[in-house]
Amino acid sequence: MNFKGKTALVTGASKGIGRQIALTLAQNGYTVIGTYNSTLVEDAENNIIYKKCNVADYADVADLFAYIKDNHKTLDAVVNCAGISWVGLLQDMTEEQIAKLVGVNLNGTIYVCQQAAD
């Protein structure tokens, strides 16, 4: 299938599963807006436009969607892949680590879905 002219947002698109999804969507014709927070990979030749966005920050997500609305006709697909984890036992996690984990993995997904539904 060819999705030329369609736009997809992939959070966490600079590495791991998110990167592979972004590359696959781009190879199938999508213009992909991929977010990163700490690791940037340049993929301009692959129809991937990277935008820095901390999905745990409501204002960052709102700014990302303002960019999408201003620069792209539509947003046809959203893939939430941004996520973090720690290797270790739950009982050893600090309050700060738990807050960051919930901020990215839960709140970030909700913020992106909320903006996409608007």
Side-chain angles (χ1 to χ4, degrees):
M1 298 181 89
N2 190 320
F3 296 96
K4 190 170 174 91
K6 303 283 186 180
T7 303
L9 169 64
V10 180
T11 66
S14 65
K15 56 188 173 183
I17 294 170
R19 178 163 165 70
Q20 290 307 308
I21 291 171
L23 288 168
T24 299
L25 290 171
Q27 289 166 356
N28 283 285
Y30 276 95
T31 296
V32 177
I33 300 157
T35 70
Y36 71 96
N37 191 35
S38 59
T39 304
L40 172 60
V41 176
E42 294 293 338
D43 276 317
E45 71 279 0
N46 290 315
N47 282 342
I48 301 175
I49 302 162
Y50 280 97
K51 298 305 243 175
K52 184 165 177 46
C53 180
N54 175 0
V55 296
D57 183 308
Y58 187 85
D60 262 14
V61 175
D63 289 346
L64 172 67
F65 275 84
Y67 163 81
I68 293 169
K69 288 177 183 174
D70 290 345
N71 294 281
H72 299 276
K73 292 183 280 187
T74 63
L75 181 60
D76 303 290
V78 175
V79 181
N80 281 300
C81 282
I84 58 172
S85 64
W86 274 277
V87 176
L89 300 174
L90 178 64
Q91 63 264 32
D92 294 335
M93 290 180 70
T94 66
E95 183 177 350
E96 182 179 289
Q97 288 172 319
I98 293 168
K100 188 172 182 179
L101 185 78
V102 170
V104 173
N105 297 353
L106 178 62
N107 295 350
T109 299
I110 292 169
Y111 297 159
V112 169
C113 288
Q114 182 184 44
Q115 289 289 321
D118 188 21

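These values consider heavy atoms only, across backbone and side chains, with no hydrogens, waters or symmetry-generated copies. Quick note: residue numbers are just sequence positions, from 1.
Between Leu75 and Ala8, the shortest heavy-atom contact is CD1-C, 4.0 Å. Summarising the geometry of Ser85 relative to Leu101, their closest heavy-atom pair is CA-CD1, 4.0 Å, with the distance given to 0.1 Å.
Counting heavy atoms from C-beta on, the side chains of Val61 and Phe65 come closer than 4.5 Å. Under the 4.5 Å side-chain criterion, counting only non-hydrogen atoms from C-beta, Cys53 is not in contact with Thr11. When side chains are defined from C-beta on, Leu9 does not count as touching His72, because their heavy atoms never get closer than 4.5 Å.
Every residue two or more places apart in sequence or in another chain that forms a side chain to side chain contact (heavy atoms under 4.5 Å, CB included) with Lys100 is listed here: Ile84, Trp86.
Panel note: side chain Tyr50, backbone Ala13; a donor-acceptor pair is recorded below 3.5 Å. A donor-acceptor distance shorter than 3.5 angstrom exists from the side chain of Ser14 to the backbone of Thr39, with no hydrogens or angles considered.
A distance of 7.0 Å separates NZ in Lys52 from OG in Ser38, rounded to the nearest 0.5 Å. Atom-to-atom distance recorded for Lys69:NZ and Leu64:CG is 10.5 Å, nearest 0.5 angstrom. A distance of 5.5 Å separates CG in Asn54 from CG in Asp60, rounded to the nearest 0.5 Å. Atoms OH and CZ, on Tyr36 and Arg19 in that order, are 14.0 Å from each other to the nearest 0.5 Å.
Residue Val102 is grouped with residue Leu90 when hydrophobic side chains (ILVMFWY) are merged at heavy-atom distances under 4.5 angstrom, including chains of intermediate members.
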- Query: Please walk me through it: do Gln115 and Tyr58 pass side-chain contact (heavy atoms from CB on, under 4.5 Å)?
  - Reply: CA-CA 10 Å; Gln115 289 289 321; Tyr58 187 85; 3.6 Å; yes
Name each donor-acceptor pair under 3.5 Å that joins a side chain in residues 22-35 to protein atoms two or more places apart or in another chain, with its distance.
from: Thr24; atom 1: OG1; to: Gln20; atom 2: O; distance (Å): 2.9
from: Asn28; atom 1: ND2; to: Thr24; atom 2: O; distance (Å): 2.8
from: Thr35; atom 1: OG1; to: Gly12; atom 2: N; distance (Å): 3.0

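Under a cut-off of 6.0 angstrom, the local environment of CD1 in Ile17 is sparse, with at most 12 non-hydrogen atoms contributed by other residues, nucleotides or ligands.
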